[in-house]
Amino acid sequence: MNIDLKYHIVFVDDDEIAIKLKPNTKFREDMNVKQAIKDLTDDYIDEALRQVGKDHGCQTRAAKLLGFQSYQAFNYWLKRKEKSK
């Protein structure tokens, strides 16, 4: 399975996971690694929600897809993402 994000492509193969920078993607102009990590996290959240849909139980499915043990932990990250906009 491949997950195509804004700046990265995530390759998931049996027992391996690889994250690669998309071709022609450059470092952030400001070189702010904290913001780059936040952007990547936001991309993962957006992609997980896109994949699971918007029906009842979507946060639980998105949480499992992203490796969270509960939807509450995922919900914390989701609220943090929405608050920073």
Side-chain angles (χ1 to χ4, degrees):
M1 169 174 64
N2 295 340
I3 302 170
D4 192 6
L5 302 171
K6 190 173 183 180
Y7 298 107
H8 299 82
I9 300 173
V10 179
F11 301 95
V12 181
D13 188 19
D14 293 336
D15 296 331
E16 268 186 67
I17 297 174
I19 301 173
K20 295 187 179 178
L21 196 61
K22 281 188 176 180
N24 302 324
T25 301
K26 297 183 176 155
F27 287 104
R28 294 176 51 89
E29 292 283 324
D30 60 7
M31 293 296 291
N32 185 333
V33 73
K34 288 181 180 181
Q35 187 62 42
I37 291 168
K38 184 197 167 305
D39 291 345
L40 180 61
T41 303
D42 290 351
D43 285 348
Y44 269 84
I45 290 170
D46 291 342
E47 179 61 20
L49 290 171
R50 187 193 66 75
Q51 286 187 22
V52 301
K54 295 182 180 180
D55 57 334
H56 181 71
C58 67
Q59 285 192 6
T60 300
R61 288 192 307 279
K64 287 181 182 177
L65 184 63
L66 293 171
F68 288 98
Q69 299 214 359
S70 68
Y71 80 90
Q72 290 97 337
F74 171 73
N75 194 36
Y76 164 80
W77 283 81
L78 184 60
K79 284 181 180 179
R80 197 187 99 214
K81 174 186 177 299
E82 291 170 356
K83 189 185 284 187
S84 69
K85 286 185 179 182

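- I45 is not connected to V52 by any chain of hydrophobic side-chain contacts under 4.5 Å among Ile, Leu, Val, Met, Phe, Trp and Tyr, and they are in different clusters.
- Going from atom CG of D39 over to atom CD of Q35 covers 4.5 Å, rounded to the nearest 0.5 Å.
- In this structure D42 satisfies the salt bridge (Lys or Arg N to Asp or Glu O under 4.0 Å) test together with K38, sequence neighbours excluded.
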Donor-acceptor list for residues 73-82 side chains, cut-off 3.5 Å, not counting sequence neighbours:
residue : atom : partner : partner atom : Å
K81     : NZ   : D46     : OD1          : 3.0

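- In the hydrophobic clustering, Y71 connects to no other residue, as no ILVMFWY side-chain heavy atoms lie under 4.5 Å from its own.
- Rounded to the nearest 0.5 angstrom, L66 CG and L49 CG are separated by 8.0 Å.
- Linking ILVMFWY residues whenever their side-chain heavy atoms come closer than 4.5 Å, directly or via other members, places I19 and V12 in the same cluster.
- With sequence neighbours excluded, no residue satisfies salt bridge (Lys or Arg N to Asp or Glu O under 4.0 Å) with K64.
- When all heavy atoms are compared, the tightest approach of S70 to A63 is O-CB, 3.7 Å.
- Scored by the side chain to side chain donor-acceptor pair (under 3.5 Å) test, T60 finds no partners at all (sequence neighbours excluded).
- When the side chains of ILVMFWY residues are joined at heavy-atom separations under 4.5 Å, either directly or via intervening members, I17 and L65 end up in two distinct hydrophobic clusters.
- Residues meeting the side chain to side chain donor-acceptor pair (under 3.5 Å) test with Q59, sequence neighbours left out: none.
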